[in-house]
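All heavy atoms count here, side chains included; hydrogens, waters and symmetry mates do not. The chains referred to below are lettered A, B, ... by the order of the sequence lines, with proteins before strands, and numbering in each begins at 1. Note that the structure is a prediction, hence the values are computed from the model and not measured.
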There are 2 protein chains.
Amino acid sequence: MVKRARGSRTGRPIMALLDLLGRRWVLRIVWELREEPRRFRELQDAIGASPTIVNSRLAELREAKLVELDADTGYRLTALGRELLRLFLPLHVWSEKWAKALV
Amino acid sequence: MVKRARGSRTGRPIMALLDLLGRRWVLRIVWELREEPRRFRELQDAIGASPTIVNSRLAELREAKLVELDADTGYRLTALGRELLRLFLPLHVWSEKWAKALV
DNA sequence: GCGATCGCTACAGAAAATGTAGTAACGGAG
DNA sequence: CTCCGTTACTACATTTTCTGTAGCGATCGC
């Protein structure tokens, strides 16, 4: 079942996804996990958010099956999470172009 | 100059972009503008947010040169905004797969 | 003038995020 | 066993952000 999202009550997957990804720190967390697993504190320090919110975002991402906790190595993307990340990787290149256009 | 983002103070474009897109309603607004221009109220009704926040998000998107206001037709994506949207279109398909995996 | 529509703003109350401190569980050293 | 370090995570008062509702000023057609 798709978690009914904060803003949109349609139940359409794309809306639930946009809502999830549109929460503060969520995109950033996925990004930080793109290369290797991270410990809770490590992640918290990297993004500079409070533990409260890091924890609740991780809980949401775990419920969405995009992130999982491995006791030995830390938080990491699931197979599904890596698929999503792959869709986002072009953003990195594009963001450079975008930054130039903003001058 | 890349607007220094709320959460990250690195100045790296990808961080500024993730921060911008990670603000509530931003992804949703871009999504709503994917096909045709929308009027302010139209947009507000479509996403169900308060006018205050719709206006401030639109202001941020205009400053980021992703959205512009055409007096005759309403808010619409700029060329840059359409490029960004193109990167996001695969999300629509992927979200269906994701929803199935969540059962 | 009058009404309709446009983008947008004011403001009080509600919700979410922060910053700091601390808890509970585990593992290894002495 | 006790002590120490590390882990994920929680409590809570303060601050920031968002909502919900009402309304402003400008513009257009009549």
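Under the side-chain contact (heavy atoms from CB on, under 4.5 Å) criterion, Leu89(A) pairs with Trp31(A), Leu85(A), sequence neighbours left out. With sequence neighbours left out, Arg62(A) forms a side chain to side chain donor-acceptor pair (under 3.5 Å) with Tyr75(A). With sequence neighbours excluded, the residues that form a side-chain contact (heavy atoms from CB on, under 4.5 Å) with Asp72(A) are Asp70(A). In this view, Phe88(B) and Phe88(A) satisfy the ring pair (Phe, Tyr, Trp, His ring centres under 6.0 Å) rule, not counting sequence neighbours.
With rounding to whole Å, Leu58(B) atom CG is found 10 Å from dG7(C) atom P. Between the P atom of dT5(C) and the CG atom of Asp45(B) lies a distance of 13 Å, rounded to the nearest Å. Whole-Å rounding puts the Arg39(B) CZ to dA4(C) P distance at 18 Å. Atom P of nucleotide dC6(C) and atom CG of Asp70(B) are separated by 14 Å, given to the nearest angstrom.
Arg38(A) comes within 4.0 angstrom of no nucleic acid atom, judged by non-hydrogen atoms across all strands.
Phosphate proximity of dT17(D) to Arg23(B): absent, as no side-chain N or O sits under 4.0 Å from OP1 or OP2. OP1 or OP2 of dT10(D) has at least one side-chain nitrogen or oxygen of Asn55(A) nearer than 4.0 Å.
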Go through the steps to decide whether Asp19(B) and Arg23(B) satisfy the test salt bridge (Lys or Arg N to Asp or Glu O under 4.0 Å), and finish with yes or no. CA-CA 7 Å; Asp19(B) 181 73; Arg23(B) 287 180 185 155; 3.0 Å; yes
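Each side-chain hydrogen bond (donor to acceptor under 3.5 Å, both in side chains) pair with one or both residues in residues 78-88 of chain A, not counting sequence neighbours, appears once here: Glu83(A)-Trp94(B), Glu83(A)-Lys97(B).
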For nucleotides 19-25 of chain D, give me one character per nucleotide, 5' to 3': B if any protein heavy atom sits under 4.0 Å from the base, S if the only such contacts are to the sugar-phosphate, - if neither. BBBBB--
